[in-house]
Amino acid sequence: MYKKMYLLLFNAITNALKEKDIDTIRKILIKAQTDAEKICMDSNEEI
C-alpha cells in the first residue's frame, strides 16, 4: 500500500512541476492526495 501511495504522490508532484497554471497544479495535487487517501482507507494493511 505505501509503495503504491508513494509512487502516486511522487508522480503527481513530478507532473505538477511541469505545469505553469496554479489551478492545474492545485487540481493535480488535490486529486493525488485524495487518491492516496482512498488507497489507504481501502487497504487491509495495518497502519
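Checked against salt bridge (charged side-chain N to carboxylate O under 4.0 Å, His left out), Lys27 has no partners two or more places apart in sequence or in another chain. Taking the side-chain hydrogen bond (donor to acceptor under 3.5 Å, both in side chains) definition, one finds that Asp42 meets it with Lys38, sequence neighbours left out. Taking Ser43 as the reference, nothing meets the side-chain hydrogen bond (donor to acceptor under 3.5 Å, both in side chains) condition, with sequence neighbours excluded. Leu9 meets the side-chain contact (heavy atoms from CB on, under 4.5 Å) test with Ala32, Ala36; sequence neighbours excluded. Residues satisfying the side-chain hydrogen bond (donor to acceptor under 3.5 Å, both in side chains) criterion with Gln33, sequence neighbours excluded, are Glu37. For Asp35, the side-chain hydrogen bond (donor to acceptor under 3.5 Å, both in side chains) partners are Lys31, not counting sequence neighbours.
Residues in residues 20-47 take part in no ring pair (Phe, Tyr, Trp, His ring centres under 6.0 Å) pair, two or more places apart or across chains. Sequence neighbours left out, not one pair with a member in residues 22-47 passes ring pair (Phe, Tyr, Trp, His ring centres under 6.0 Å). Listed by first and then second residue, the side-chain hydrogen bond (donor to acceptor under 3.5 Å, both in side chains) pairs that reach into residues 7-22 are Asp21-Thr24, sequence neighbours excluded. Residue pairs meeting the ring pair (Phe, Tyr, Trp, His ring centres under 6.0 Å) criterion with at least one member in residues 4-23, sequence neighbours excluded, are Tyr6-Phe10.
Through direct or relayed side-chain contacts under 4.5 Å between Ile, Leu, Val, Met, Phe, Trp and Tyr, Leu29 connects to Ile13, Leu17, Ile25.
Residues Cys40 and Met1 come closest through the heavy atom pair CA-SD, 3.6 Å.
The distance from the CE atom of Met5 to the CD1 atom of Ile39 is 7.0 Å, given to the nearest 0.5 Å.
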